[in-house]
Number of protein chains: 2
Amino acid sequence: MSSKSPLYRKVAGDLRTAIAAGEYGSGARLPAEDELARRYGVSRGTVRQALASLRADGLVTSRRGARRVVLGGAPRLQSFGELRSFARWARSLGEEPGGRTVAVDPAEATEEEAHHLQLPPGTRVFRVRRVRTLSGAPVMVERSTYPERIGLLVAEMDVDEVSHSHQLELHGVLFTDAHHTIDVAPADADDAQLLGCGVGHALLRERRRSTDPAGTPVEWSEDRYLPGTVAFTVHNSVATSALGRQLGEE
Amino acid sequence: MSSKSPLYRKVAGDLRTAIAAGEYGSGARLPAEDELARRYGVSRGTVRQALASLRADGLVTSRRGARRVVLGGAPRLQSFGELRSFARWARSLGEEPGGRTVAVDPAEATEEEAHHLQLPPGTRVFRVRRVRTLSGAPVMVERSTYPERIGLLVAEMDVDEVSHSHQLELHGVLFTDAHHTIDVAPADADDAQLLGCGVGHALLRERRRSTDPAGTPVEWSEDRYLPGTVAFTVHNSVATSALGRQLGEE
DNA sequence: GGCTCCAAGTTGTACGGACAACTGTTGTAC
DNA sequence: GTACAACAGTTGTCCGTACAACTTGGAGCC
């Protein structure tokens, strides 16, 4: 198997599984960078690249002078792969994802849609509405707007297709960046009917703008989840020196 | 002003302001790494470190073979970076943050609290309840649990102190990492009274576990926001994944 | 015991070089 | 004109080195 993945990814993966397996328990200190470099026969820079990835995912701390410490507590999920695709996310948690496309409508972009997709207002777009299920129970209504190029591909898919993003990948359409806004919104008549809740019932709302590797918007979507079915988790860390810059800086 | 901040930070800051000032509009291509390195008189590695920071914030794309592209369109609310402090976040949006401490209670840690703070159950902790306001209007109830060491500091603060985290910083307590879980929860009697809504009213809930640079938990908090007052924004990309989605309750 | 101080260990920053992989453009052939 | 091929430009990966900044633990002292 000719693995084309870079070295630092291999190192990062090993460390991830080692942590997940409990070889380094919560609060344990990782081996030093030099030690890891020797162990894997790579340079320190490569090890640092691997560790930066773990840090970004909130698995370890990292500060000058001290070895890295494993941050315990939270369940560790592969982050972006799951978020990019409802189907992939559900399966990674052992749930069976399902879905049904309720409507695919060509339309002219509203001002808001045009803005988020960076198109001139009135451009032809596709609006797709879907119900998403976990183990058969409806949990989410998804309203997506696609540029025409993408929408045409979506329109050809089976209404029971589970993963649109996977199908789009096969056509060379990639979602690499996404900006999310999360808040609460009341169910409208459609939501209520599709999710089986009352009109006005509070739903967890996620609005999302996805772009491809070139930075071109490829999707503008609004998802509404039944409360209790899903929670969003985020990890964030501060770069450095919060103390060093309360004076004069910037 | 002898700025001790590293070089790559200076470069990153310059690029950030240049983008914010519109020198590179949405979709524009940044100068090549070599060009930037020449321009600033630094090595390419340093430039790459600066650009990695922009990428992590979702300001630019980056892929092999092509110049970086500015990702426009996104409203420039400071995202989760400011999330570690309600006061700082509010001020960055031009709102006047306020708050009132409703209760500070020493207590013995419940099983859940002990778990999140990585303490033995029954350890003494402090529970602090606060109402947070924006321009005078209450928007959020904050229930935090601190280890005794931190709680003692909080207990001494003025009940009208706006920023606990700032005060704690002055005592050398830093919050550098945080793990957030966001979902919807109904208002209980206290929430209803403090926020002026009905019991059972759906609130946007954020649960947070913060740690210091050494990885020691320093706060476990549950915040409940009135819908419509705030929204959480997150950016993620394949390289800098910092977001996950998690099922149900534990 | 408790304290200061020092040395070893560790990560952060920055430099330099080399090659691989990919993109966009240009130019040629048909 | 269209399709293909070559090419220059650009970012990704990896190596090596050096020093700075910081943490930790232990030695020594009071």
Side-chain angles (χ1 to χ4, degrees), chain A residues 2-13 15 24 27-56 60-70 172 174 176-177 212-216 237-245, chain B residues 2-13 15 27-56 60-70 172 174 176-177 212-216 237-240:
Chain A
S2 62
S3 99
K4 306 199 306 179
S5 90
L7 273 181
Y8 76 89
R9 217 171 262 288
K10 155 77 171 162
V11 177
L15 290 173
Y24 304 102
R29 295 195 294 187
L30 283 189
E33 296 173 358
D34 286 342
E35 165 64 19
L36 288 172
R38 259 195 310 277
R39 197 178 293 181
Y40 284 95
V42 301
S43 80
R44 191 183 153 215
T46 300
V47 169
R48 283 182 64 78
Q49 212 167 343
L51 291 169
S53 150
L54 299 205
R55 164 114 219 240
V60 298
T61 64
S62 111
R63 54 181 179 146
R64 192 173 235 157
R67 295 245 285 269
R68 285 179 175 78
V69 172
V70 176
L174 294 177
T176 55
D177 284 75
D212 68 9
T216 308
S237 56
V238 179
T240 36
S241 78
L243 250 191
R245 62 169 153 87
Chain B
S2 63
S3 103
K4 307 201 307 177
S5 89
L7 274 181
Y8 75 89
R9 215 172 263 287
K10 155 78 172 161
V11 177
L15 290 173
R29 294 194 294 185
L30 283 188
E33 296 174 357
D34 286 341
E35 165 64 18
L36 289 171
R38 260 195 309 278
R39 197 178 293 181
Y40 285 95
V42 300
S43 78
R44 192 184 154 215
T46 301
V47 169
R48 282 181 65 77
Q49 212 168 342
L51 290 169
S53 149
L54 299 205
R55 164 114 219 238
V60 298
T61 65
S62 117
R63 55 181 179 146
R64 193 173 233 156
R67 294 246 285 270
R68 284 178 175 78
V69 173
V70 176
L174 295 178
T176 55
D177 284 77
D212 68 9
T216 308
S237 64
V238 282
T240 67

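A note on names: the letters A, B, ... follow the listed sequences, proteins ahead of strands, and every chain is numbered from 1. Model, not experiment: these values are computed from the prediction.
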Participant: If you assign each of L51(A) and R63(B) to its closest nucleotide in DNA chain C, which residue comes earlier from the 5' end?
Facilitator: L51(A)
Participant: In this structure, how many angstroms lie between the P atom of dT13(C) and the NZ atom of K10(B), rounded?
Facilitator: 17 Å
Participant: Measure across A12(A) and S53(A) and return the closest heavy-atom pair with its distance rounded to 0.1 Å.
Facilitator: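 The answer is CB-OG, 4.3 Å.
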Participant: Both distances below 3.5 Å, Watson-Crick or wobble geometry, any strand: find the nucleotide opposite dA6(D).
Facilitator: dT25(C)
Participant: By nearest heavy atom, map A214(B) and R9(A) onto DNA chain D; which one lands nearer the 5' end?
Facilitator: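 The residue closer to the strand's 5' end, by nearest nucleotide, is R9(A).
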Participant: Find the distance D34(B):CG to dG17(C):C1' and express it as a whole number of Å.
Facilitator: 12 Å
Participant: In whole Å, I'd like the distance from the CZ atom of R68(B) to the C1' atom of dT23(C).
Facilitator: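 So the two atoms are 14 Å apart, to the nearest Å.
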Participant: Does R48(B) place a side-chain N or O at less than 4.0 Å from the phosphate oxygens OP1/OP2 of dG12(D)?
Facilitator: yes
Participant: Given dT13(C), is OP1 or OP2 found less than 4.0 Å from the side-chain N or O atoms of T46(B)?
Facilitator: no
Participant: Let me see the working for T216(A) and V69(B) under side-chain contact (heavy atoms from CB on, under 4.5 Å), right down to the final yes or no.
Facilitator: CA-CA 10 Å; T216(A) 308; V69(B) 173; over 6 Å; no
Participant: Between R67(A) and dC22(D), does any side-chain N or O lie under 4.0 Å from OP1 or OP2?
Facilitator: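 Negative; the distance criterion is not met.
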Participant: Ignoring backbone atoms, establish whether Y8(A) has a side-chain N or O less than 4.0 Å from OP1 or OP2 of dT13(D).
Facilitator: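 Yes, such a contact exists.
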Participant: Would you say a side-chain N or O of R29(B) is under 4.0 Å from OP1 or OP2 of dT11(D)?
Facilitator: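 No.
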Participant: Does the side chain of V47(A) come within less than 4.5 Å of L51(A)'s, by heavy atoms?
Facilitator: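 Side-chain contact under 4.5 Å: yes.
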Participant: Take atom CG of L36(B) and atom C1' of dT10(D), then tell me their distance rounded to the nearest Å.
Facilitator: 12 Å
Participant: Is there side-chain contact between V60(B) and R67(B), with at least one heavy-atom pair below 4.5 Å?
Facilitator: no
Participant: Rounding to a whole Å, what distance do you find between D212(A):CG and dT23(C):C1'?
Facilitator: 14 Å
Participant: Determine the contact category for R44(B): base if any of its heavy atoms lies under 4.0 Å from a base atom, sugar-phosphate if only primed atoms, P, OP1 or OP2 are that close, otherwise nothing.
Facilitator: base
Participant: Carefully, step by step, assess R48(A) and L36(A) under the rule side-chain contact (heavy atoms from CB on, under 4.5 Å).
Facilitator: CA-CA 10 Å; R48(A) 283 182 64 78; L36(A) 288 172; over 6 Å; no
Participant: What nucleotide among dG12(D), dC14(D), dT11(C) has an atom nearest to a side-chain atom of E33(A)?
Facilitator: dT11(C)
Participant: Among the nucleotides dC14(D), dT11(D), dG12(C), which one has an atom lying closest to any side-chain atom of R64(A)?
Facilitator: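 Closest nucleotide among those given: dG12(C).
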Participant: May I have the distance from L54(A) (atom CG) to dT11(C) (atom C1'), rounded to whole angstrom?
Facilitator: 15 Å
Participant: Under 4.0 Å: is that the gap between some side-chain N or O of S62(B) and OP1 or OP2 of dG12(D)?
Facilitator: yes
Participant: Output the rounded distance in Å from CG (L30(B)) to C1' (dT11(D)).
Facilitator: 13 Å
